[in-house]
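Let me begin by presenting the structure, written as structure tokens, before commenting on it.
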Amino acid sequence: MPPDTLVVDASKVRLVCEITSSNPANDRVYKMHFYAAAGIPWYLLVDPDPVTLSLYRLKRGHYFEHATAKPGETLTLTEPVAAGLDTAALDA
């Protein structure tokens, strides 16, 4: 299937979470671009080594960093869901 083929109705997706792989540039650039083009308002990027969380918000067709949590910190989300993500708990 070509990479630009729509698989799900992205208009229903409020937040997408991506865990960086062995090719983090693919996650930070390529995938982020397609999620933005699909209009998904929030993008959470998890870097597992060390656990770092970066939350991005879609504005004018591009993602801008909204909040981050470094190792030992908690990322508090109020949109699109209320949640607290503790990097120490994710590193266990």
What residues form a side-chain contact (heavy atoms from CB on, under 4.5 Å) with Thr76, not counting sequence neighbours?
Thr74
Mind checking what makes salt bridge (charged side-chain N to carboxylate O under 4.0 Å, His left out) contact with Glu73, not counting sequence neighbours?
none
Counterpart residues, side-chain hydrogen bond (donor to acceptor under 3.5 Å, both in side chains), relative to Tyr43 (two or more places apart):
none
Does one hydrophobic cluster hold both Val16 and Leu44, with members joined at side-chain heavy-atom distances below 4.5 Å?
no
Should Leu75 and Leu45 be counted in the same cluster of Ile, Leu, Val, Met, Phe, Trp and Tyr side chains packed under 4.5 Å apart?
no
Could you list all the salt bridge (charged side-chain N to carboxylate O under 4.0 Å, His left out) pairs where at least one residue sits in residues 32-44, not counting sequence neighbours?
none
Do any pairs count as a salt bridge (charged side-chain N to carboxylate O under 4.0 Å, His left out) and have a residue in residues 29-55, sequence neighbours left out, and if so which ones?
Glu18-Lys31, Asp27-Lys31, Arg28-Asp47
Under the salt bridge (charged side-chain N to carboxylate O under 4.0 Å, His left out) rule, what pairs show up with a residue in residues 32-45, not counting sequence neighbours?
none
Enumerate, atom names and distances included, each donor-acceptor pair closer than 3.5 Å involving a side-chain atom of residues 51-68, sequence neighbours excluded.
{"from": "Thr52", "atom 1": "OG1", "to": "Pro50", "atom 2": "O", "distance (Å)": "3.2"}
{"from": "Arg57", "atom 1": "NH2", "to": "Glu79", "atom 2": "OE1", "distance (Å)": "3.4"}
{"from": "Tyr63", "atom 1": "OH", "to": "Ile40", "atom 2": "O", "distance (Å)": "2.6"}

Tell me whether Val46 shares a hydrophobic cluster with Val13, the cluster being built from Ile, Leu, Val, Met, Phe, Trp, Tyr side chains joined at under 4.5 Å.
no
Residues forming a side-chain hydrogen bond (donor to acceptor under 3.5 Å, both in side chains) with Ser11, sequence neighbours excluded
Asp9
Salt bridge (charged side-chain N to carboxylate O under 4.0 Å, His left out) partners of Arg14, counting only residues at least two apart
none
